[in-house]
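Everything below concerns the one structure shown next.
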Amino acid sequence: MIENSKKPMILVGGGVVAADASKELKKFAEKIDAVVCDTLMGKGAFPGTDDRYTGMIGMHGTKVSNFGINQADLVIVVGARFSDRVTGNASKFANQAKLLHIDIDAAEINKNVEVDASVVGDAKEILKMISTRIKASKKPEWRAQIDALKEQYPDHADMNEFSGPAIINKIYELTEGNATITTDVGQHQMWAAQYYKYERPRQFLTSGGLGTMGYGLGAAIGAKCGCPDKVVVNIAGDGCFRMNMNEIATATRSEIPVIEVVVNNHVLGMVRQWQNLFYGERYSSTTLYDKVDFVKLAEAMGAKAKRVETIEEFEAAFKEAVASNEPYLLDCIIDSDDKVWPMVAPGGSISDAFNEEDLEKQKQEESK
């Protein structure tokens with residue numbers, strides 16, 4: 001199947017991270033000249049700056065990955081479970097391609113999506129074995145096809161506006177892509193997945209299918225203890241921060257210098273986005289406009305803290321946070337209606353991913 005493929009795409013899941021198989025994966029992708037996308041949990045298993053990388057796939061994946069996988073003739077899924085956030089409508093997922101599934105858990109094979117072939121076992125060993133048995137090949141036409149998609153669908157976020165994408169992009173720039181990033185759950189989590197380019201396994205620590213609000217701060221403290229030489233940043237939302245904000249006291253008591261970036265839009269942003277797009281703007285139980293002052297709260301627990309409202313203020317404060325070598329909280333005030341783009345409607349196909357521009361075009365056509 002691999003040798004007959006002219007348009008191979010590899011979908012990388014968290015199993016590659018768990019198997020420490022990132023080097024084997026890279027060699028395999030290069031040998032067969034495949035393009036590579038990943039799931040949320042697969043971040044860092046394949047370098048985010050590599051030319052053959054197309055970005056995350058699924059509900060908030062890139063258009064290049066979502067459209068590209070529906071143009072491939074072979075999709076090799078390594079250590080991923082075909083969750084609904086990845087496949088969208090499973091019956092329409094990569095219908096034109098043959099599917100090869102590599103996973104350590106036999107129960108995952110054919111569970112959510114029927115595949116054409118599978119290999120059950122450790123991803124590291126399987127990738128080694130397959131790589132020794134296949135011939136190296138080049139796929140210039142396929143790579144050119146994907147490059148054309150990248151040119152057609154570039155990242156559209158305005159990095160001059162103070163927004164979630166701009167904050168993550170600035171953190172990437174100031175840490176030179178070398179920080180360990182943890183997150184809670186929601187819009188900020190998706191922005192952290194989209195706009196920081198991860199180069200190594202376990203550089204991105206996040207809660208996956210369980211969607212655990214409050215996960216990130218404890219994970220950041222643990223990551224800093226494990227890798228004290230790395231800058232460790234937790235990207236949190238204001239709703240998630242409330243779930244576990246007492247752990248700031250743990251960081252200060254034990255003198256663990258983590259940086260807590262609260263992307264504060266005063267709402268439960270991901271739920272509000274769904275309410276806005278799919279539920280007629282009925283904002284039930286998602287508005288968090290109250291009088292809680294995160295800066296005073298962090299200072300009361302012994303941390304340093306600042307509130308910022310522009311990208312310039314954020315840059316100066318973040319540099320100060322890194323230099324301080326103390327627990328530091330940045331309360332970043334952004335617009336309540338900022339959204340994560342692209343987006344796939346619930347129950348829709350990932351080939352129907354849309355962004356704000358697509359919505360505007362649709363509205364114009366409907367009004368004619």
Donor-acceptor pair, distance only, cut-off 3.5 Å: does the side chain of [X] make one with the backbone of [Y]?
X	Y	result
His60	Pro342	yes
Thr183	Gln189	no
Trp274	Tyr279	no
Ser324	Ala321	yes
Lys224	Lys230	yes
Asp338	Ile334	no
Thr252	Ala249	yes
Lys31	Ser131	yes
Tyr196	Ala179	yes

Is any side-chain heavy atom of [X] closer than 4.5 Å to a side-chain heavy atom of [Y]?
X	Y	result
Leu149	Gln71	yes
Met343	Leu277	yes
Leu74	Ile2	yes
Thr287	His266	no
Val64	Ile146	yes
Thr180	Val231	no
Glu108	Phe82	no
Asp73	Gln96	no

Just do the side-chain contact (heavy atoms from CB on, under 4.5 Å) check on Phe241 and Asp184 with the steps written out, would you? CA-CA 8 Å; Phe241 179 56; Asp184 285 305; 5.6 Å; no

Tell me if the [atom1] atom of [X] is crowded by more than 12 foreign heavy atoms within 6.0 Å.
X	atom1	result
Glu356	CD	no
Lys6	NZ	no
Glu357	CD	no
Asp51	CG	no
Phe278	CZ	yes

Any ion pair linking [Y] and [X] (charged N to carboxylate O, less than 4.0 Å)?
X	Y	value
Lys197	Asp50	no
Asp293	Arg307	yes
Asp33	Arg143	yes
Lys319	Glu315	yes
Arg52	Asp147	no
Lys304	Glu326	yes
Lys296	Asp331	no
Glu30	Lys26	yes

Could you tell me whether the side chains of [X] and [Y] share a donor-acceptor contact shorter than 3.5 Å?
X	Y	answer
Tyr53	Asp38	yes
Ser336	Asn265	no
Gln275	Glu281	no
Gln203	Asn178	no
Lys139	Ser137	yes
Glu366	Gln362	yes

Shortest non-hydrogen contact from [X] to [Y]?
X	Y	answer
Asn244	Gly214	ND2-O, 2.9 Å
Lys43	Ala193	NZ-O, 3.2 Å
Ile102	Ala123	CG2-CA, 4.5 Å
Ala166	Glu161	CB-O, 3.1 Å
Asn169	Met159	CB-SD, 3.6 Å
Ile350	Gly58	CG2-CA, 4.1 Å

Ring geometry between Phe162 and Phe314 (parallel below 30°, tilted from 30 to 60°, perpendicular above 60°): tilted

Is the Phe204 ring parallel, tilted or perpendicular to the Tyr198 ring (thresholds 30°, 60°)? tilted

Please check if [X] and [Y] belong to a single hydrophobic cluster, counting links between Ile, Leu, Val, Met, Phe, Trp and Tyr side chain heavy atoms closer than 4.5 Å.
X	Y	answer
Val16	Leu100	yes
Met1	Val77	no
Leu25	Ile104	no
Trp191	Ile259	yes
Tyr215	Met245	no

Please report the C-alpha distance between Ser83 and Asn112 in whole Å, then the side-chain angles of each, then the deciding distance to 0.1 Å, and finally whether the side-chain contact (heavy atoms from CB on, under 4.5 Å) criterion is met. CA-CA 7 Å; Ser83 78; Asn112 295 327; 5.7 Å; no

Going from [atom1] on [X] to [atom2] on [Y], what distance comes out if it is rounded to the nearest 0.5 angstrom?
X	Y	atom1	atom2	value
Ser349	Asn89	OG	CG	6.5 Å
Met41	Ser207	CE	OG	7.0 Å
Asn160	Glu312	CG	CD	8.5 Å

Do you know which of Val36, Leu11, Thr54 makes side-chain contact (heavy atoms from CB on, under 4.5 Å) with Ser65? Thr54

Is the Tyr172-Tyr195 ring centre distance short of 6.0 angstrom? no

Applying side-chain contact (heavy atoms from CB on, under 4.5 Å) to Asp84 and Met59, what does each step give before you reach the verdict? CA-CA 8 Å; Asp84 62 333; Met59 181 169 282; over 6 Å; no

Would Arg202 and Asp20 count as a salt bridge (Lys or Arg N to Asp or Glu O under 4.0 Å) here? Give the steps. CA-CA 10 Å; Arg202 300 181 178 87; Asp20 290 321; 3.0 Å; yes

Go through the steps for Asn234 and Val258 under the test side-chain contact (heavy atoms from CB on, under 4.5 Å), then give the verdict. CA-CA 8 Å; Asn234 181 43; Val258 295; over 6 Å; no

Given the ring of Tyr283, does Arg272 sit roughly above its face, with NZ or CZ under 6.0 Å from the centre of the six-membered ring and within 45° of the axis? yes

